Structures are given as C-alpha cells and as structure tokens.
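Each remark here refers to the structure printed beneath this line.
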2 protein chains.
Amino acid sequence: MNAMTKTKGVKTLPLNTILDGDCIEMMNSLPEESVDLIFADPPYNLQLKGELHRPDNSRVDAVDDHWDQFASFAAYDQFTREWLAAARRVLKPNGAIWVIGSYHNIFRVGAALQDAGYWILNDVVWRKSNPMPNFRGKRFTNAHETMIWASKSEAAKYTFNYEALKALNEGIQMRSDWVLPICNGGERLKDANGDKAHPTQKPMSLLHRVLVGSTNPGDVVLDPFFGTGTTGAVAKMLGRDWIGIEREAAYREVATRRIADIRAFDRSALEVTRAKRAEPRIPFGQLVERGMLRPGEMLVSPSGKVAKVRADGTLVGDDVKGSIHQVGAHLEGAPSCNGWTYWHFRKDGKHVPIDVLRQQIRAEMAARPH
Amino acid sequence: MNAMTKTKGVKTLPLNTILDGDCIEMMNSLPEESVDLIFADPPYNLQLKGELHRPDNSRVDAVDDHWDQFASFAAYDQFTREWLAAARRVLKPNGAIWVIGSYHNIFRVGAALQDAGYWILNDVVWRKSNPMPNFRGKRFTNAHETMIWASKSEAAKYTFNYEALKALNEGIQMRSDWVLPICNGGERLKDANGDKAHPTQKPMSLLHRVLVGSTNPGDVVLDPFFGTGTTGAVAKMLGRDWIGIEREAAYREVATRRIADIRAFDRSALEVTRAKRAEPRIPFGQLVERGMLRPGEMLVSPSGKVAKVRADGTLVGDDVKGSIHQVGAHLEGAPSCNGWTYWHFRKDGKHVPIDVLRQQIRAEMAARPH
DNA sequence: TTTAATCATGAATCTTGGT
DNA sequence: CACCAAGATTCATGATTAA
C-alpha cells in the first residue's frame, strides 16, 4: 500500500514512504488537512553553548549577555514556530500532535504550541527505568523526557482510546507518567561499524502507547523528524499508515530496511477495547416495545425511590415524569443521572439493573447485524 | 531571629517575616543580591470553564480564585517576566530558583526563565502517588507537576548537596522524578469552617527535598507566592532563614500561626520525606508494549484453552474478551483465575508461563530500583 | 475496642449528537 | 451557532460511621 491517495485534494498523499528533504518544505508540499496524527522528535538544541558565539567567532565572555542569548534562543524559536505552522497546515481539524523534548527545548516548544493555537491536552512524562546517571554528581539524574500532547484546536474532537489504555494498564486509567526502559539491546539499531545508528533512537514501547492511545487503524501518522523510523515501524505493526520526513540519507536507509522487516499484526489483534460511547444507542422505549418491561411495571433505585413505566418509554414518579435519566436526576436532586444503571426491575425476587436488558438487545444486534 | 541584617546594603533584610503586598513591588524593596534561594509557586492560569462533577455527582471544588485569572497568554507572560526580573535582582550571583507549575503555565515560565538569563539545571517531575483521576475518561490522569530548577547564570556556583540527597534516596543518586503524595490528612490546613485554607497547599515533603538539596543551614530562602507558608515552615524546621510575600490577609494569618508552631529540626520532617518504594505492579499490557509478546500471538492454558493477544493487552478467546485473568476465569468457569500462571506462550517448542516474562521485568527493576 | 464499610476530596483547561 | 437531552465517568487516602 504505497502512494495511495486518501484526500480529495489535487495532491496525493505519499503513504508509507520516507520523504527526502527539509521537514518544513516537505510538509508544505503535502495536501492540507490530510494527516490524523503528527509525532515529532525535533532537535533538542543541546548545542546551544556552541551558538553562544558571535558571528566573528569571538567567544562570549559575559554569560549575561542578553543579546547573544536572545539571538540563540530566537533562532530556535523561529525554527520551532515554522515547523509547527507547517505541521498545523497538514493536520486534519480533529487531528493531534505529540512532541517530545527535554528541558533544553521543551519549554520553548510548549509555549510555541500554545501561541500557534494548539490546545494542550496533557504533558506526559516518559520516566526512564534505566537512565544514564549523572557522573559528576552536580545535578539530579536526568531520568525523564517530556512529551506534549495537543489537539489542533480547543474545539477539536481528538482521538483518545481510553478503554484500550486502561486495559494496557491493568484496569486503572492511564496516568501522565509512563515508566518505560530506554531503547537498547537488540532493538537498538547499529551501523556497519557496530556503533549506534542514531544518537537518540526512541523505544518502540513509547510509540506503541502513543499510537494505540491516539490513533485508530487506518489513520495516517506523520513524523517530520523521522530518524531511524521508530514511528513508521510501530505504525506499520499497528496497521496505521505513515509518512516520514528525513534529511539524512544514512538514517533513511536504516529506517527503510528496518520497516521492510516489520510484519503488521493481523487485524483482529488490532481491535481494542471499545468505549461504551461507541456502542449503538438503544432508546429505553425499545425495552417496552419489545415487552421486556410492561407499562405499569414499577422500577426501583438503590436508594429506594420508585417510578412507574409508561407505554411511551417515559417514567412517572412522585411529582415528576420524564425520561429514565430526568426522573432519576430529579429524585436524587443530582445534576444528572444515568438511568440505565440507576433503575432496577424485579426478576425472580431480585433487583436487576435495566442496563442488562439493553445489553441483551445489543448482543442480539451483534449476532444479527441487520 | 527577626529582621536581622545579612547584607552590606543600606536596606535591611526582613528575615523570617511575611511581607504584605504585591510580590514584584515587595521584591524590589529588598536589597539587591541578598537571597540564596527562591522557591516560587506562581498562579497556574488554569482557564477552567464550567463545573466538573465526579461520577457520583459530587462537585469538584475547582481553583477559581481571582488570583488565578489572567486575560490572555500575553498578560500571563508579562506578569511572569516581571516577577522573574524582580526575583533575579534580589538573588545572589550564586543563587538559584525553583518554580513549580503544570502544563497550563510551565512552558511559558520555562521559556521566560531562559529568556531572562537563568540557566536551567534540571526539570524535576513531582509524580503524585495519589492524584485526582480524570473523571470523564477524556485524557490521561494528570498525575504530575513540573518544577524547574535554575541558577542565576550559567557560570553560577549553585548549591547542590549531592550526598544528602543520595542518602535521602537510600544510597542511590537522586533522580529528576520524585514520587510524593499530595498534601492531605493532618498536614492539610483548614479554615474556621473546616474547609481547606488554601486550594493548592504543597506538601512539606516536596519543600524538604528542595531545601535539603539546594540550600545550606543559615541560607536565606525567599517565597514570593507564600500562600499558607509551606516554604517558611520547612525552612524553619531545617534551620534556614526565610522571607515570604503574600497579598491575601487570610493566607498570611494561617501561615503565621502555622510557622509559629514549628520546632526546628523536628525529627518528623525526615520521616515525612521518605518515599515508600512503589510495589512493582506489572500490567500485562507492558509485555505487549515491550515486544515480549506480539499482538495476534496465541496463548494456551494447561487445560488446552487458547486465546489471542491484542494490542491493548487484552485477550480474546471463544466468546469472551478481557484481561488475562477475566478470560482465564471465564474459560474455566471459575470465579477467578491468576492469568500470570494460567497462560503460556510458546518458546523453542515449549510452553512457558507468561509469568516468566513478568519476572524478567521485575528483575530489571530490582537491578535498577528507580 | 477492633475492624470493616462508607464517605469525602484533591491545581481539572474532563461529552456528544441532534435540532 | 445555540440549545437540549442522552448518558458516560474515578483512584488513593484519610476521616467518619457502622457493626
């Protein structure tokens, strides 16, 4: 599945390929609003010290020389703002972006994201289980990196596979701090000399969690700083389409070989636990229509409130009538109420939530889709 | 020890007192280059919209105080730059600053710190052991806050008590992520009505680690957003001098009473700081994320039942899907099942319990406990 | 008196689809 | 766009109440 067109625009989307060139130019060559997710691992600006030289190469003596400091950060800021703008252009309205960085650059990236109109959803800390120690004992072990997850706008309906992430975390909702080992061992790519092929290769486990959590199978994932292609490798595994941009030929070659060796997981393994919201909606009245509940039958709540079922699928209680949710909320004096779990009917002398009847209908619908 | 003079300047340093007024004006009234450390917990600019209810319909008591309201990012940035400039003026040349924040404000603060000429030494993540959950399941649990530790300049000889922190951390060098509980229980200050005296009181354990690590006894610690005075309380305990600035009379009164009750070098201060070592709970999903098992791979049980691994760490078998424990229990018709010992994967033609993979991860964690 | 069950709450940018 | 209604959604901890 190469170079397929997925948009209505004139330009085609070069799916599952690595583009050779500057990330800003290449992003600007792609169709507008065409990708679902961007994962970006931009330069960390660690060479800042080197940029603290004047144009004539004289060394800056005073460390509080604001002009030089500003000039250096300003250059990084300008680069950041430009690639974030280009990224924004190719992102679908309901798309999202992840950016990873360290304290050297992440504050500037985060501020630029906000200034560009992105809406931060979380900052996520990758807590390294095996970081490099601080050898000189002058600072804290730099044991984490920071990722920012942001939607294109405040109003965007971003993808978040809450239930899948909760399942990944053994039933407890996923937190903003992820403990994962750094990339080493067999996963770490080596060049012909046996040296590491890329200085900052990210672990696949990190991308696995990002892509399972914020994309669906078939989505298009763009990585403008592709490096050795961890994003593409995990995207292929997980049945997502990907686009990489990388200037360095050596990285492109390593990434190409690497991704070619990846086998995608079969489709059924990619199905993840669905959110209830994705289930088909069943009006309460259908339970009455199908005879699962009889008009006139009394429902009870855990707190002992009662209401009577009417033929049109509404309830009537003391002083109130309306939907199962409205009557429940009114009787509890609560701002809202999920009537499906609140109301119970009597069966074999026991109280059973009416939600089990809804589940029966859904099971039937799944067995006979039409 | 009140109102002692510790500098050569004309102005005196109002040690161990709370100054009433705007933090910028009050800092500008202090002598230049007179304090050793600044700890700042500025407004976060949360920009909350409507109300939020827990699933049980109770209302979340949000931070909606007037002091956290800013008209725009630009207004917040200007405020930040002004107080950071004033802080810079009172800081000794070898002094340092800590600022705490969340993703709402910390990127702007960090960029402003760098622009003002501060030199970031570490960003430190406070990982909350008991954060508030994300009730609506729309994002990751916001389980951490970020602190930036910066010296006044790149050349500054900042204080870092490496050995003390290593001792606090059971002999292993202190990392940039600190697991500490939020402030609750008896430590949480209450007002006359029994409500929390301040919406964002920080735990003493956090300040303990900051002050042990980056000050010496007799140093002067300034907190321009004093609130209920956690910084002053811990400073007094640890034999450091402190200066607080706080506009709200109610907070000043609570802080004054609180600090008066503190006894220096209270043994309990040390006990509070010791973080409990987290139990190494390993979600099954981590085996998938780490590539130890592949989505689509089949697991078998001793009784011959089979199930397929999915990308989100759930299993799917005949007629059932869920966690390794749920699926095992269902297939055996048992009330419960230990999936770790029940399920086996195939390796070199043999069936190996998946618990072996969990033990591998635990062994890695034991070798590198943090 | 002891133990178990229940309740309260924390720096939160916390829904979605139809009319 | 506004408005309305359906209905989905929580973890750890300490205090309080019940047994």
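Here the structure is a predicted model, which is why all the values come from computation and not from measurement. As a basis for the values below, the full set of heavy atoms in this structure was taken, side chains included, without hydrogen atoms, waters or symmetry mates. All chains are named by letter (A, B, ...) in the order of the sequence lines, taking the proteins before the strands, and each is independently numbered beginning at 1.
Checked by distance alone, B:Lys202 brings a side-chain donor or acceptor within 3.5 Å of a matching partner on the base of C:dA11. Side chain B:Arg54 to base D:dT9: no donor-acceptor pair is found below 3.5 Å. You won't find any donor-acceptor pair under 3.5 Å spanning the side chain of B:Ser102 and the base of C:dA12, going by distance alone. With hydrogens and angles ignored, no donor-acceptor pair under 3.5 angstrom links the side chain of B:Asp61 to the base of C:dA12.
Taking the P atoms as reference points, C:dG17 lies 14 Å from D:dT9, given to the whole Å. Remark: the separation of the P atoms in C:dA11 and D:dA15 is 16 Å, to the nearest Å. Rounded to whole Å, the C1' atom of D:dA18 lies 14 Å from the corresponding atom of C:dT1. Taking atom C1' in both C:dA12 and D:dA5, the straight-line distance is 25 Å, to the nearest Å.
Atom pair B:Glu51:CD and C:dA11:P shows a separation of 18 Å (rounding to whole Å applied). Going from atom CZ of A:Arg362 over to atom P of D:dA8 covers 6 Å, rounded to whole Å. Between A:Tyr158 atom OH and C:dT13 atom P there is a gap of 10 Å when expressed in whole angstrom units. Per the geometry, CG belonging to B:Asn184 stands 20 Å off P belonging to C:dC7, to the nearest Å. C:dT13 atom C1' lies 11 Å from atom CG of B:Asn134, rounded to whole Å. Protein atom CG of A:Leu121 is 12 Å distant from nucleotide atom P of C:dT15, rounded to whole Å. Between the P atom of D:dA6 and the CH2 atom of A:Trp340 lies a distance of 11 Å, rounded to the nearest Å. Note: CG (B:Asp65) to C1' (C:dA11) measures 10 Å, nearest angstrom.
Nucleotide C:dT13 carries a syn base; the chi torsion (O4'-C1'-N9-C4 or O4'-C1'-N1-C2) is within 90° of 0.
Contacts of A:Ile282 with the nucleic acid, taken as non-hydrogen atoms under 4.0 Å apart, involve only primed sugar atoms and P, OP1 or OP2. A:Arg358 comes within 4.0 angstrom of sugar-phosphate atoms only, judged by non-hydrogen atoms across all strands, and of no base. Using a 4.0 Å heavy-atom cutoff across all strands shown, B:Pro42 reaches at least one base atom of the nucleic acid. As judged by a 4.0 angstrom heavy-atom cut-off over every strand, B:Asp41 is placed among the base-contacting residues. Residue A:Glu279 is out of contact with every strand shown, counting any heavy-atom pair closer than 4.0 Å. Nucleic acid contact class of B:Gly50 (heavy atoms, under 4.0 Å, all strands): base. Residue A:Pro283 is out of contact with every strand shown, counting any heavy-atom pair closer than 4.0 Å. Using a 4.0 Å heavy-atom distance criterion, A:Ser336 is classed as a base contact.
Checking each of A:Trp119, A:Phe160, A:Tyr118 against A:Trp149 for a ring-ring contact (aromatic ring centres under 6.0 Å, His included) leaves exactly one that passes, namely A:Phe160.
Using a 30° and 60° split on the angle between ring planes, B:His198 and B:Tyr251 fall in the tilted class, from 30° to 60°.
The closest side-chain heavy-atom distance from B:Val60 to B:Met132 is below 4.5 Å.
Within the structure, no pair that satisfies the ring-ring contact (aromatic ring centres under 6.0 Å, His included) test touches residues 46-65 of chain B, not counting sequence neighbours.
Side-chain atoms of B:Lys202 come within 3.5 Å of backbone N or O of B:Thr200 as a donor-acceptor pair. In this structure a side-chain-to-backbone donor-acceptor pair under 3.5 Å is present from A:Arg175 to B:Lys128.
Between A:Arg175 and B:Gly137, it is B:Gly137 whose nearest contact on DNA chain D lies nearer the 5' terminus. Nearer the 5' end of DNA chain D, as judged by each residue's closest nucleotide, is the contact made by A:Cys337, out of B:Asp56 and A:Cys337.
Side-chain proximity of B:Leu46 to the nucleotides C:dG10, C:dA11, D:dA12 is greatest for C:dA11. Out of C:dA11, C:dT13, C:dT16, the shortest distance to the side chain of A:Gln114 is found at C:dT13. Residue B:Lys128 has its side chain nearest to C:dA11 when only C:dA11, C:dT13, D:dA8 are considered.
A stacked arrangement is not assigned to B:Phe135 and the six-membered base ring of C:dC14, the conditions of a centre distance below 5.5 Å and an interplanar angle below 30° not being jointly met.
Taking side-chain N and O atoms only, B:Lys196 has a distance below 4.0 Å to OP1 or OP2 of C:dG10.
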Under the side chain to side chain contact (heavy atoms under 4.5 Å, CB included) rule, what do B:Val210 and B:Val124 come out as? Steps first, then yes or no, please.
CA-CA 10 Å; B:Val210 166; B:Val124 171; over 6 Å; no
